[in-house]
Structures are given as structure tokens and as C-alpha cells.
Colleague: 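My questions all concern the structure below.
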Amino acid sequence: MTTQVSDGTQAIEARKLTKRYDGFVAVDGLELAIEPGEVFGFLGPNGSGKTTTILMWLGLTEPTMGEALVWGHNATREPIQVKRIAGYVPESVGFYEDLSARQNLIYTARLNHIPRRQAEEAIHRAMGYVGLGEVADKKVGQFSRGMRQRLAIADIMVKEPRVVFLDEPTLGLDQEGVNRVMELIQRLSQEQGITVVISSHQLHQVQQVCRRVGIMSRGRMVALGTVEELGQALGTQGLMVDIEVEGWDEALLADLRRVDGVEHVDAAERFITVRCQPQTRPSLARAILDRDCLLVQMRSKDLTLEEIYLRYFTGGEDK
Amino acid sequence: MGAIFWKEMTDYLGSRRFVVLLAFIALSGVYTVFVAAQTIRADVANAPTEMVFLRLFTTGAGLLKPSFVTFVGVYGPFIGLALGFDAISGERSRRTLGRLLAQPVYRDAVINGKFLAGAATIGLVFLTIFLIIGGMGMRLLGYPPGFQEIAFMAVFLVVSVLYITFWLGVAILASVFFERPVLSALVSIGLWLFFSLFILMVARSIADFAVADTSTLEQQIRHGSIQGNAMLFSPVYLFREATVTLLTPTATQVATMLLSPLGPYSQITPSALSLHQTMLLVWPHLIALVGLTVVTFTIAYIRFMREEIRT
Ligand SMILES: Nc1ncnc2c1ncn2[C@@H]1O[C@H](COP(=O)(O)OP(=O)(O)O)[C@@H](O)[C@H]1O
Ligand SMILES: [Mg+2]
């Protein structure tokens with residue numbers, strides 16, 4: 001495969017990338033560079049602009065402003081060059097139901113002008129790789145969701161891409177399905193050096209395989225870095241404390257909210273969850289005792305990625 | 001575009017939908033021709049001897065036994081609609097459109113490939129049916145068609161394919177605008193109803209509006225010609241006029257015949273107009289038919305090229 005690399009060595013880039021829909025800003029001046037071979041977690045709640053950004057990288061949607069680049073190719077001006085080297089697994093991917101899995105991939109290969117012989121080999125290899133070798137000649141109509149998702153990965157492998165975009169690849173899969181898909185993605189990157197972008201609104205599903213994650217909220221990237229970096233950035237700011245209290249009431253919650261260093265208070269059944277500065281714990285206990293409530297236990301935990309993520313995006317929503 | 005064309009073509013030819021359609025059309029077509037041959041033979045004494053082969057296409061026996069031309073004019077559009085209504089909407093509802101357009105193909109190759117594959121399929125179907133009818137005609141009438149007759153039949157074949165391809169375009173247009181194939185099918189059937197039936201009312205209203213007072217003969221003629229011209233925006237009527245001219249080569253006052261209470265093919269006393277003369281008469285119809293198809297497809301094309309693909 002010979003594709004000229006223009007400047008730099010970035011596999012995927014966004015420069016002031018912006019998309020507006022009649023005044024509504026779906027992606028807002030996104031700046032991002034993803035290195036070759038990197039597995040990047042593109043996170044954010046529903047509606048935060050992940051899909052829109054991916055569509056712009058693939059030249060399927062035109063940016064209102066800014067540039068989407070894949071291996072130096074501007075996706076708007078040179079969509080064909082981009083599509084030659086990019087694989088795309090859309091959100092809830094579909095296939096031609098009354099064709100077999102193999103026939104579906106043969107069509108993909110033909111659209112990519114891969115010679116028949118070479119295509120057959122590549123398809124055979126890819127189907128084995130994703131564990132669908134046995135059912136290659138079954139109609140896709142009979143495939144489960146997990147099988148379709150893996151077929152979609154085989155589908156992008158056929159064209160030997162340099163970068164792949166997977167939009168919510170774990171959506172609707174059970175835990176085992178999620179694990180298999182993530183493992184395949186990890187192998188793709190490790191064995192073939194493919195650059196991967198995985199979008200997801202479920203952080204814990206992608207965090208093991210992603211070297212870096214970026215968190216989108218309302219079209220902006222509100223956090224970017226390795227999982228540890230994001231954890232540290234937040235760790236200095238606060239922690240979560242779970243307190244089991246018998247007989248709490250609204251007045252107690254109000255008291256807790258007034259304590260210095262407390263950022264957020266939530267309650268459900270017997271538990272009160274408080275986000276606060278680390279040194280605030282004694283004051284919390286005092287507040288509870290002052291109200292004559294029974295403090296059963298108090299447990300602080302580090303922020304999990306899920307919480308980091310929740311925090312970033314709720315923070316984004318507030319604005 | 002080659003890959004898309006061949007995929008669509010094999011899809012069409014291998015689909016149950018297509019087999020059912022082909023069987024329906026071939027059987028009905030054969031039946032109309034069979035009835036026509038019997039009618040012609042029963043009336044040998046009065047029948048003109050020229051261009052008998054063409055009369056296989058135009059002879060019907062009442063409403064329940066329409067002629068082949070009438071059959072194609074009325075039911076033919078459904079072939080086009082059936083082939084096209086899920087062209088784009090089907091890709092969307094199966095969620096394959098995004099994957100398809102993420103391959104290194106130009107977007108217009110997708111819609112062009114589908115359109116051309118549909119048109120080629122229609123051509124293939126009609127060629128097959130015409131060959132069957134030709135063979136049957138030879139057996140039933142007892143002699144082969146003359147060169148003239150073959151030439152007229154060939155032009156009729158082309159007109160039929162163009163006519164049905166227009167409806168393919170209509171269906172593809174609907175499939176671009178509507179997400180769900182069911183909706184796209186309903187809308188294209190609605191357009192068929194409009195062009196077949198409602199156009200008559202529309203044309204009459206236009207004529208009424210232009211010529212309010214129809215007390216003199218001159219005004220009536222003007223009224224009639226305005227109505228006739230307005231109806232030429234409907235491919236159904238374009239097809240009808242073109243085929244009347246083509247298959248009943250003496251039809252001179254096509255427009256008035258169309259509006260006659262006995263129906264368009266009632267006053268047939270064929271005597272040969274040459275192919276050349278006939279072509280001069282149907283040429284505008286062909287151009288108009290192609291023009292309407294181009295307009296329809298262009299709208300579909302532009303819309304599809306601009307559309308954002310989220311599925
Ligand atoms: N065609 C459109 N017209 C108007 N708004 C749109 C359109 N497509 C997407 N949006 C809006 O853009 C925002 C971002 O959507 P999307 O990129 O799909 O988010 P995500 O993939 O992160 O869930 C959403 O609020 C969505 O409603
Ligand atoms: Mg999305």
C-alpha cells in the first residue's frame with residue numbers, strides 16, 4: 001500500500017473541527033491528534049458529538065469549519081484516499097441479510113478493487129481471525145448481534161486499513177461479547193499496528209485497551225490523556241465517600257452540603273454519597289453525629305474511571 | 001461503479017421479487033397475445049392484412065382482456081417501482097449505507113450503479129418477453145414478422161423500457177427521500193396514481209381555467225388541445241400516445257383518439273405509415289419520456305449527494 005504522508009506523522013487529526021446544524025453546535029472547534037498505532041478511546045455521553053466527528057473523518061459529513069485529516073489526507077477534499085486506508089464500523093452496523101457472511105465481504109473486497117484471489121485469502125483469514133470461519137457461508141440474517149459485530153471487524157480487515165473507526169462497537173453486547181470484541185481490537189492494533197479510534201459512552205468497556213482517552217461533552221473535548229493522568233488530575237481535587245447512615249433526612253443532607261470542601265451530595269436508600277476534598281472526612285462524621293443520626297459505616301474510594309467520566313461530563317452539562 | 005452495478009444486477013435477477021414479477025408479466029403478456037391472436041383469427045375476413053404482427057400487441061377484448069400495450073401501460077410501472085423503491089431506503093433500513101459509502105467509491109457510483117442495474121434488468125425482462133411473444137406470434141399466425149414489423153416492434157420495445165425506467169427513477173427518488181422502504185413504496189405508488197388518474201383532472205382544470213367558455217367548436221378544440229398537452233406531462237399518456245402512433249400506424253389524430261369514449265385503440269384501420277414517418281411522430285414523445293426520467297433521477301441524485309449519511 002502506498003499512500004503519501006504529507007506533513008507530520010499523525011495518523012488522525014482534527015483542526016478546529018466544527019459542525020453546526022442550524023445553529024446547534026454538534027462539534028465545537030475540536031483539536032486532536034492521534035499517533036500511528038495508538039488505540040484512542042473517544043468517550044462521551046449520547047449526543048456529545050462523537051459520531052458526527054467520526055463521520056467528518058470519513059468524509060461522510062462535511063465540516064462547517066476546520067479540517068478532518070486522516071494520514072494527512074483532508075477527508076472533505078480527498079474522501080476516496082481516506083476511504084482506501086480507513087475502516088469504519090458504524091454504530092449498529094448492518095449487512096445484506098440474505099447474502100452469506102462471505103458474500104458480504106466479497107462485495108466489500110470488490111468495492112476496494114482487491115483482486116479476487118487475494119480477496120478470497122484475505123476473507124478466509126479475517127473470518128478465522130474473528131472466529132466466524134465455521135459460519136462463513138451462513139446468511140447474515142441468522143447472525144446474532146455479537147457475530148455481526150465481529151463480522152464487521154472482519155469486514156474492515158479485508159481492506160487492510162491503516163486506521164479504523166469503531167462507533168460504539170460494544171453497544172447491545174453482553175459481557176462476553178464485549179470482551180471478545182475488545183480483545184480483537186487490541187490484537188488488531190498490537191499485531192498489525194493499526195491506529196484505532198473507539199467511540200463509546202461506556203468507559204469501563206474500553207478503558208483496558210485504550211492508551212489515551214478523550215472525553216467529549218457538548219461537542220467539546222473536556223479531558224484528554226491516559227487513564228492514569230485523568231485519574232491523577234481528579235484525585236488531587238477530590239474523592240468519593242460512601243456513608244451508610246440510618247435515619248437520614250433532608251436536613252442532614254443540607255448540613256453536609258454546607259460543610260467546607262464538599263462538592264456534591266447524593267442519597268439513595270441508606271447510603272449518602274459525597275464528593276469532597278480528602279481532608280473533609282472528619283467534618284462529615286461530625287455533621288452526622290450532630291444530627292443524632294446513626295453512622296453505620298463510612299468508606300471512601302478512589303474515583304473510578306466511570307466516575308471521572310461522569311464527573312467530566314456532568315461538569316460539561318452544567319455550563 | 002462496476003462492482004455496484006453487478007451486485008445490484010445479481011441481486012435483482014436472483015431475488016424472489018424479481019422471479020415473481022417476471023412470471024407475472026410473462027404469463028399475462030403471453031395471455032394477452034394469445035387472446036389477441038384468437039381475435040385476429042376469428043375476424044380474418046375483415047382484418048387488414050398489413051402489420052398483423054403489431055396487432056398482436058394492440059388487440060384486446062374488453063376491459064378484462066386488455067391488449068398487451070394497455071397491460072404494459074397500466075401494470076408496467078410496477079416493475080420499475082418494485083425494482084427501485086428500496087434502492088436507497090433499503091440500504092438505510094438494513095444499515096448498510098454507511099459501510100458502503102465508507103468504501104473507496106464515489107457516492108454517485110452508488111445511485112448510478114443501482115439505476116443502471118435496474119434499467120438493464122428492465123431491458124432484459126422486456127427483451128425476453130418480446131422474444132417469447134415473437135415466437136408465439138409466429139406459431140399462432142403461421143408466418144414470421146416482416147422486416148417492417150420487426151423494426152416497429154423494436155422501437156416499441158425501446159419505448160416500453162424507457163417508460164418503465166421512468167418509474168424506476170420515480171421509485172429511486174422516493175427511496176432517497178424516505179427512510180423506510182414501506183413509505184417509499186407507498187409514495188411511489190401515490191405518484192403512479194397521480195400520473196395515471198389525477199393528471200386527467202388536473203389537465204381538465206388547467207384547460208377549464210384557460211378556456212372558461214366552451215360554447216363554440218373552436219373553443220372546444222382549444223380546450224381539448226390544452227388538456228391534451230397538459231396530460232403529456234404524464235409519462236402514462238406519453239407512453240399511450242407514442243404506442244398508439246407506433247403500433248397503429250394510421251393513427252393521425254392521436255390526441256382526439258385518446259379522448260374518444262371508445263378508448264385509444266378503437267379506431268384502428270392500419271395502413272402503413274413508414275417507420276421513418278412514424279419515428280418523426282413519436283420522436284417528441286421519446287424525448288419527453290427521457291427528459292422526465294432525467295429530471296426525476298437528477299432530483300434523486302442531487303438529494304442523495306448532499307445528504308448526510310448517519311446509518
Ligand atoms: N442532522 C442533524 N440535524 C440536527 N442535529 C443533529 C443532526 N445529527 C446530529 N445532530 C445532533 O448533534 C449532536 C451530536 O450527535 P452525535 O454526534 O450523534 O453524538 P454521539 O455520537 O456522541 O452520541 C446531537 O445532539 C444530535 O442531536
Ligand atoms: Mg453516536
Side-chain angles (χ1 to χ4, degrees), chain A residues 3 19 21 26 51-52 54-63 70 73 75 78-99 103-114 116 119 140-141 148 151-152 155-156 158-159 161 163-167, chain B residues 1-20 82-83 85-114 116-117 175-176 179-182 302-311:
Chain A
T3 320
K19 178 72 184 182
Y21 291 109
T51 300
T52 309
I54 291 178
L55 291 176
M56 290 193 280
W57 269 322
L58 284 158
L60 293 176
T61 294
E62 271 192 40
V70 174
H73 295 292
E78 307 172 286
I80 298 293
Q81 273 92 327
V82 169
K83 288 169 189 179
R84 256 185 222 131
I85 55 172
Y88 173 43
V89 177
E91 198 172 334
S92 57
V93 59
F95 291 91
Y96 302 104
E97 307 269 302
D98 40 8
L99 296 185
Q103 285 167 328
N104 266 286
L105 299 206
I106 288 175
Y107 186 40
T108 304
R110 294 192 56 186
L111 293 170
N112 282 281
H113 304 288
I114 302 171
R116 181 93 195 186
V140 179
R148 278 163 208 256
L151 182 59
D155 181 65
I156 53 175
V158 169
K159 66 156 89 163
V163 302
V164 301
F165 297 92
L166 302 114
D167 199 355
Chain B
M1 191 177 80
I4 295 168
F5 176 85
W6 287 113
K7 150 97 172 34
E8 294 298 325
M9 194 83 183
T10 40
D11 274 6
Y12 285 143
L13 298 181
S15 72
R16 195 169 305 159
R17 189 197 306 174
F18 175 78
V19 174
V20 169
L83 291 178
F85 78 93
D86 63 351
I88 304 299
S89 57
E91 298 274 357
R92 258 196 294 247
S93 69
R94 274 174 309 205
R95 302 194 150 269
T96 45
L97 193 54
R99 214 165 45 81
L100 177 58
L101 290 175
Q103 309 307 331
V105 290
Y106 289 99
R107 197 184 275 205
D108 51 356
V110 173
I111 192 163
N112 291 346
K114 280 173 181 275
L116 290 179
S175 84
V176 169
E179 293 271 318
R180 292 172 46 218
V182 183
I302 291 173
R303 165 73 193 226
F304 181 62
M305 293 302 281
R306 295 200 172 163
E307 185 179 29
E308 178 180 283
I309 308 298
R310 268 191 177 260
T311 41

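Lettering of chains follows the sequences in order, A, B, ..., and the numbering in each one begins at 1.
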Colleague: Any idea which heavy atoms bring A:P161 and A:A86 closest together, and the distance?
Modeller: CB-C, 4.2 Å
Colleague: With distance as the sole test, does B:R94 use its side chain to make a donor-acceptor pair with the main-chain N or O of A:E97 at under 3.5 Å?
Modeller: no
Colleague: For A:V164 and A:L166, which heavy atoms make the closest approach, and how far apart are they?
Modeller: CG2-CD1, 3.9 Å
Colleague: As an exercise, state the distance from OG1 of A:T108 to CD1 of A:I114, rounded to the nearest 0.5 Å.
Modeller: 8.5 Å
Colleague: Got a sec: does the CZ of B:R303 have more than 12 other heavy atoms crowding it under 6.0 Å?
Modeller: yes
Colleague: Restricting to non-hydrogen atoms, name the atom on B:F304 and the atom on B:L101 that form the minimum distance, rounded to 0.1 Å.
Modeller: CZ-CD1, 4.4 Å
Colleague: Which residues in residues 103-113 of chain B have any heavy atom closer than 4.5 Å to a heavy atom of chain A?
Modeller: B:Q103, B:P104, B:V105, B:Y106, B:R107
Colleague: Examine distances only and state if a side-chain atom of B:R92 and a backbone atom of B:L97 form a donor-acceptor pair shorter than 3.5 Å.
Modeller: no
Colleague: Quick one: what part of A:L99 sits under 4.5 Å from any heavy atom of chain B, side chain, backbone, both or neither?
Modeller: side chain
Colleague: Strictly less than 4.5 Å between heavy atoms, which residues of residues 55-62 of chain A line up against chain B? Please order them by number.
Modeller: A:L55, A:L60, A:T61
Colleague: Over all heavy atoms of both residues, which pair between B:E8 and B:A117 is shortest? Give the atoms and the distance, please.
Modeller: CB-CB, 3.6 Å
Colleague: Distance from B:K114 atom NZ to B:E91 atom CD, nearest 0.5 Å?
Modeller: 4.0 Å
Colleague: Using non-hydrogen atoms only, which part of A:Y107 is less than 4.5 Å away from chain B: side chain, backbone, both, or neither?
Modeller: side chain
Colleague: Can you tell me which of A:P79, A:S92, A:G94, A:G87 forms the most heavy-atom pairs within a distance under 4.5 Å of chain B?
Modeller: A:G94
Colleague: Quick check for you: among A:D155, A:T51, A:V93, which has the greatest number of heavy-atom pairs under 4.5 Å with chain B?
Modeller: A:D155
Colleague: Do the side chains of B:L13 and B:F18 get nearer than 4.5 Å, heavy atoms only?
Modeller: yes
Colleague: Using every non-hydrogen atom in the two residues, find where B:I88 and B:S175 come nearest and quote the distance to one decimal.
Modeller: N-OG, 3.1 Å
Colleague: Under a 4.5 Å heavy-atom cut-off, does chain B meet the side chain of A:F165, its backbone, both or neither?
Modeller: neither
Colleague: Nearest heavy-atom pair of B:P181 and B:F85: which atoms, and what distance?
Modeller: O-CD1, 3.4 Å
Colleague: Given that the side chain runs from C-beta out, which part of A:D98 has a heavy atom under 4.5 Å from chain B: side chain, backbone, both or neither?
Modeller: neither
